[in-house]
Amino acid sequence: MTAGWAQQHEEIFGGDPWTRVQRLAWQLTQRRIGYSPGDLDAYQGGQHTPEAAAERARIWLPAFRLLALALWRAGRDTHLLVDDVPLHRALWWLGGARADDLYAAPLPAWDYGVVGHWPRVQERHDELQDAARDVVAWHTMAEAAESRPYEDSDRSLSPRTPCCSVRDAARSRRARTWTDTRPAGSPRSPSPQNASKRRSSD
C-alpha cells in the first residue's frame, strides 16, 4: 500500500512524497515567521539580519522538517496525498495520540547536503515540537479568521473547528506579503535559515 501511495505522488507531482511535503511545510513555516526572500518589507522589518538568519537556522529550519515528518506520517497512515492531509492531523504525531510513532522506522531519508540528521532533531524534540505545533496553530487561526465572515453571512454553515488541508493552507498564504500576514500589533516574528541554503524557498 505504501508503494502505491508513493507512486501516486510520482505520477501527480513528479516526485516522492517526502520531497513534496518538505516544500509545503517550508511554505507554511515561511508564512508563520514572516520570511519572504523577495519581499522588501521583510528587509525593512529586519528579517534578513544575521540574527534573523541565525534564528532560522537554529529553530525554524529543523522545526519545519519536524512538521514535514508529522505530515508525511499522516499522509502515509491514511494513504492521502500529502497535499490533502488535514493540517491539524500533524498534531497527532506532534505530542498527540501517535507521538510515540513519530520517529519509528521507516524514516524518510535526510536530504544529502543538508546540515543535521534525525537523531539530532530527536535530541531537541521538545523545543522543535513547540515551534512546529505553533506553525499549525497559526494557520488554523488564520483559517478561522478567513472563514468566519462566510459563516456569519450564511446560516447554512454551522460553527466548526477550521479544518483546512495542507494544500489549502499553503495556497492561502503563499501569495501574501510579510506585512499583510502578520497579525496587527504583533511583534516581528523571529525567522527558518536563509533560503540560500535550501532549495525549499519556492
Side-chain angles (χ1 to χ4, degrees), residues 18-72 74 82-83 85-91 93-95 102 110-111 114-116 120-121 123-146 162 164-202:
W18 176 237
T19 299
R20 178 71 179 173
V21 78
Q22 284 190 95
R23 180 174 299 162
L24 293 167
W26 178 234
Q27 287 172 357
L28 296 176
T29 304
Q30 282 182 303
R31 292 297 89 203
R32 165 60 187 93
I33 64 175
Y35 177 63
S36 180
D39 189 345
L40 292 179
D41 287 321
Y43 281 86
Q44 295 169 2
Q47 297 303 297
H48 296 276
T49 63
E51 294 78 12
E55 184 76 12
R56 287 192 291 274
R58 186 175 64 86
I59 297 293
W60 297 106
L61 224 275
F64 106 76
R65 289 199 180 86
L66 186 62
L67 173 59
L69 177 60
L71 293 170
W72 182 85
V82 292
D83 292 55
V85 170
L87 181 60
H88 73 271
R89 190 66 65 88
L91 301 180
W93 278 263
L94 296 172
L102 182 62
W110 193 268
D111 291 351
V114 175
V115 175
R120 183 178 297 176
V121 170
E123 287 171 6
R124 300 178 57 203
H125 177 77
D126 289 346
E127 175 188 18
L128 299 178
Q129 176 177 267
D130 286 346
R133 288 178 63 93
D134 184 66
V135 174
V136 176
W138 189 88
H139 282 280
T140 300
M141 293 304 295
E143 169 70 8
E146 287 187 353
C164 61
S165 68
V166 175
R167 176 198 291 109
D168 290 341
R171 282 180 175 173
S172 65
R173 305 284 147 239
R174 193 182 337 183
R176 307 289 184 85
T177 63
W178 179 70
T179 48
D180 65 21
T181 55
R182 184 169 57 90
S186 69
R188 300 188 186 276
S189 302
S191 306
Q193 160 192 14
N194 257 340
S196 60
K197 282 194 156 188
R198 282 283 295 157
R199 65 180 183 280
S200 317
S201 60
D202 44 38

Practice prompt. Say whether, by atom type as modelled, one donor and one acceptor occur between the side chain of His139 and the main chain of Leu87 under 3.5 angstrom.
Written response: no

Item to complete: Output the distance between atom OG1 (Thr140) and atom NE2 (His88), rounded to the nearest 0.5 Å.
Response: 8.5 Å

Discussion item. In the structure I gave you, are the side-chain heavy atoms of Trp138 and Arg31 within less than 4.5 Å of one another anywhere?
Written reply: yes

Worksheet item: What is the distance from atom CG of Asp111 to atom OG1 of Thr19, rounded to the nearest 0.5 Å?
Response: 6.5 Å

Fill in: Minimum side-chain heavy-atom gap Phe64-Gln22 below 4.5 Å
yes

Worksheet item: By salt bridge (Lys or Arg N to Asp or Glu O under 4.0 Å), which residues pair with Arg89, not counting sequence neighbours?
Response: none

Worksheet entry | Sidechain-backbone polar pair: Trp110 side chain, Gly116 backbone, donor-acceptor under 3.5 Å | yes

Practice prompt. Provide the closest heavy-atom pair for Val82 versus Leu24 in the form atom of the first, atom of the second, distance.
Written response: CG2-CD1, 4.3 Å

Practice prompt. Compare all side-chain heavy atoms of Gln27 with those of Arg23 and state whether any distance is below 4.5 angstrom.
Written response: yes

Worksheet, complete the sentence: Sorted by chain and number, sequence neighbours left out, salt bridge (Lys or Arg N to Asp or Glu O under 4.0 Å) with Arg120 holds for none

Discussion item. Any heavy-atom pair between the side chains of Ile59 and Arg124 that's under 4.5 Å?
Written reply: yes

Response to the item:
Pro62 and Ala57 have their tightest heavy-atom pair at CD-O, 3.4 Å

Worksheet item: Can you name the side-chain contact (heavy atoms from CB on, under 4.5 Å) partners of Leu102, sequence neighbours left out?
Response: Leu66, Leu69, Ala70, Arg73, Trp93, Leu94, His125

Practice prompt. For the pair Trp72 and Trp18, name the ring-plane relationship: parallel under 30°, tilted 30 to 60°, perpendicular over 60°.
Written response: perpendicular

Practice prompt. Any chance you could lay out the side-chain contact (heavy atoms from CB on, under 4.5 Å) test for Val166 and Val21, step after step, and finish with the verdict?
Written response: CA-CA 9 Å; Val166 175; Val21 78; 5.6 Å; no

